[in-house]
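Beneath this line is the structure, given in C-alpha cells, with notes to follow.
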Amino acid sequence: MKAFLEKLATNLMYLIGMLLNPLLNGVQEQRALRWPTERRKLKLIDAPAARAARAAERERIGTVVEALGAVEGVEHVLTQVLDQSTRPTFHGLDHPRDTLLVCRIHARAYFVVREDIVDVLPRIAAAGVAEWQAKGQGPDPEGSLDHALRWYRDGGIDADGWRMHSPCLSSPGARLIWDRPGIPHRDPIPAGPYINRLFVLEQSPAGADAAQLLSEARADGRSVVLELDFGANWVGYCQYHKVARGGFLGRGRL
C-alpha cells in the first residue's frame, strides 16, 4: 500500500509539473518580451545611430524626388514622408525576441505631366533618376521602359491577344506608377492624427491638403499624375534602423 501511495504521489507531481510547465514558460517569454516605455522609445529613436540612419534615408529620398522633378515635362506636386517607429511583429523579418524596435519610412512623391506620357517616360529613363530595370531583368519584368512603351503602342494587348500587365518603372528602392484609364487612383497618406513622435508625417508643401492638390493636378482631364513610391523587397516602406535586444540607447536594453 505504501509503495502504491508513493507511486501515486510521484505520478501526481509529474502530472502537475506537465500542466504548469507551459504556464511557466509563457510567463518567462512574456518577461523576455517586455517593451520599453514611450519615453525610452523616444530615446532609442533619438540615439546617434538612429538619427544618422534616418538622415541618410531622408537624403536618399530627397535626391530621387529632386532628380525626377528636374526632368523636362515633370512638375513636382507633393511629397509625403511618414516616419514610423514600432515594435516588430511575429510576421515580420525581425522577430520580437531578437529586436526591440524598428524604424521605417513610408514615402510617396507625386508629380504631374501635362504632355504625352509616352514622350516623357524616355526622358525619365535617360535622366538617371534611379536604376530602372531593363527589359526582362529584375523581379518585376513589367517594370521597364520597354514594357511601358509596348503597353501604349499595342493598346495593352500582347502579340498573343492577352492583356498585358500595367506598366511601371521599377528600381531596387523605388517604383514609379502613373494614371491610366480604368485604374483607380490611390489615396495619399492620411494626415493623421499622429499622437506622438513615434509617428511623424512630413509633407512638402507643408500643411497642404494632399487630396486637393492631386485633384487640382488632374482637373483639366489631360494631365497625368505620377506616383513615386519608396520601398524595397515588395514592401511599401524602407526600414532604415532597428534596435536589437541586449542594451539601451543603441544596444536595446530595457
Side-chain angles (χ1 to χ4, degrees), residues 58 60-84 105-130 132-133 140 142-157 163-171 173-194 199-231 234-238:
R58 295 285 187 91
R60 183 183 76 86
I61 291 170
T63 298
V64 177
V65 170
E66 183 177 355
L68 182 54
V71 174
E72 180 185 355
V74 179
E75 175 186 337
H76 177 260
V77 176
L78 173 73
T79 297
Q80 294 182 303
V81 178
L82 175 61
D83 197 314
Q84 180 180 6
I105 282 181
H106 302 253
R108 297 181 194 168
Y110 298 88
F111 307 81
V112 63
V113 171
R114 305 190 189 279
E115 53 184 282
D116 194 335
I117 187 67
V118 174
D119 295 331
V120 176
L121 285 176
R123 298 179 204 159
I124 295 174
V129 173
W132 306 119
Q133 72 174 51
D140 182 8
E142 287 77 41
S144 66
L145 174 65
D146 179 79
H147 177 86
L149 296 180
R150 284 192 295 110
W151 190 91
Y152 283 106
R153 182 193 65 202
D154 300 333
I157 305 297
R163 186 178 299 277
M164 298 171 65
H165 290 281
S166 297
C168 65
L169 292 183
S170 294
S171 79
R175 185 168 179 264
L176 182 67
I177 60 176
W178 52 88
D179 291 351
R180 295 177 298 275
I183 305 296
H185 306 143
R186 280 208 307 171
D187 293 329
I189 298 174
Y194 301 103
F199 297 83
V200 179
L201 177 67
E202 296 181 0
Q203 280 193 174
S204 177
D209 185 322
Q212 182 178 347
L213 281 180
L214 298 179
S215 178
E216 291 173 353
R218 297 182 173 105
D220 61 8
R222 297 187 301 274
S223 299
V224 173
V225 169
L226 310 178
E227 180 182 320
L228 180 65
D229 297 329
F230 291 87
W234 301 98
V235 295
Y237 60 82
C238 306

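For the numbers below, each heavy atom of this structure counts, side chains included, while hydrogens, waters and symmetry mates do not. Count residues from 1 along the sequence.
- For Ala130, the side chain to side chain contact (heavy atoms under 4.5 Å, CB included) partners are Trp132, Ser171, not counting sequence neighbours.
- Environment of CD in Glu66: sparse, with no more than 12 heavy atoms of neighbouring residues, nucleotides or ligands closer than 6.0 Å.
- Side chains of Val77 and Val225 form no contact here, defined as non-hydrogen atoms less than 4.5 Å apart.
- Here the closest heavy-atom approach between residue Pro205 and residue Leu213 is recorded as CG-CD1, 4.0 Å.
- To the nearest 0.5 Å, atom CD of residue Gln133 and atom CG of residue Leu145 are 11.0 Å apart.
- With values rounded to the nearest 0.5 angstrom, Ile183 atom CD1 is found 9.5 Å from Ile177 atom CD1.
- A pairwise comparison of heavy atoms in Asp179 and Tyr152 identifies O-OH, 4.5 Å as the closest pair.
- Between Asp119 and Arg123 there is no salt bridge, since no side-chain N of the basic residue sits under 4.0 Å from a carboxylate O of the acidic one.
- The existence of a salt bridge linking Arg186 and Asp229 is confirmed by a sub-4.0 Å separation between a basic side-chain nitrogen and an acidic carboxylate oxygen.
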Task: side-chain contact (heavy atoms from CB on, under 4.5 Å) evaluation trace for Phe230 with Arg60 - done: CA-CA 10 Å; Phe230 291 87; Arg60 183 183 76 86; 4.0 Å; yes

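- Closest approach of Trp178 and Val224 over heavy atoms only: CB-CG1, 3.9 Å.
- Rounding to the nearest 0.5 angstrom, the gap separating the CZ atom in Arg175 from the SG atom in Cys168 is 4.0 Å.
- For the pair Arg150 and Pro167, the minimum side-chain heavy-atom distance is 4.5 Å or more.
- Looking only at atom types and distance, the side chain of Ser223 has a donor-acceptor partner in the side chain of Arg114 under 3.5 Å away.
- In plain terms, the two heavy atoms of His76 and Ser204 that are nearest each other are CE1-O, 3.6 Å.
- For the atom pair OG (Ser215) and CG (Asp209), the distance works out to 9.5 Å, reported to the nearest 0.5 Å.
- Contact check on Glu202 versus Arg58 returns a salt bridge, with a Lys/Arg side-chain nitrogen under 4.0 Å from an Asp/Glu carboxylate oxygen.
- Phe111 pairs with exactly one of Val74, Val71, Val120, Leu78 by the side chain to side chain contact (heavy atoms under 4.5 Å, CB included) rule, that one being Val74.
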Task: Trace of the side-chain contact (heavy atoms from CB on, under 4.5 Å) decision for Leu226 with Ile117 - done: CA-CA 10 Å; Leu226 310 178; Ile117 187 67; 3.8 Å; yes

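- Around NE2 of His185, the count of heavy atoms belonging to other residues, nucleotides or ligands within 6.0 Å exceeds 12.
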Task: From CA spacing to verdict: side-chain contact (heavy atoms from CB on, under 4.5 Å), Leu176, Glu227 - done: CA-CA 6 Å; Leu176 182 67; Glu227 180 182 320; 6.0 Å; no

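- The two residues His106 and Ile189 have their closest heavy-atom pair at O-CD1, 3.9 Å.
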Open item on the list: I'd like to know whether Leu82 forms a side-chain contact (heavy atoms from CB on, under 4.5 Å) with Tyr237, so could you lay out the CA-CA distance, the side-chain angles of the two residues, the decisive distance to 0.1 Å, and finally the verdict.
Closed with: CA-CA 9 Å; Leu82 175 61; Tyr237 60 82; over 6 Å; no

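- Between Leu201 and Gln80 the shortest heavy-atom distance is CD1-CB, 4.4 Å.
- Within the 4.5 Å cutoff, the side chain of Tyr110 has no heavy atoms near those of the Leu228 side chain.
- Remark: the backbone N or O of Arg222 is paired with a side-chain donor or acceptor of Asp220 at under 3.5 angstrom.
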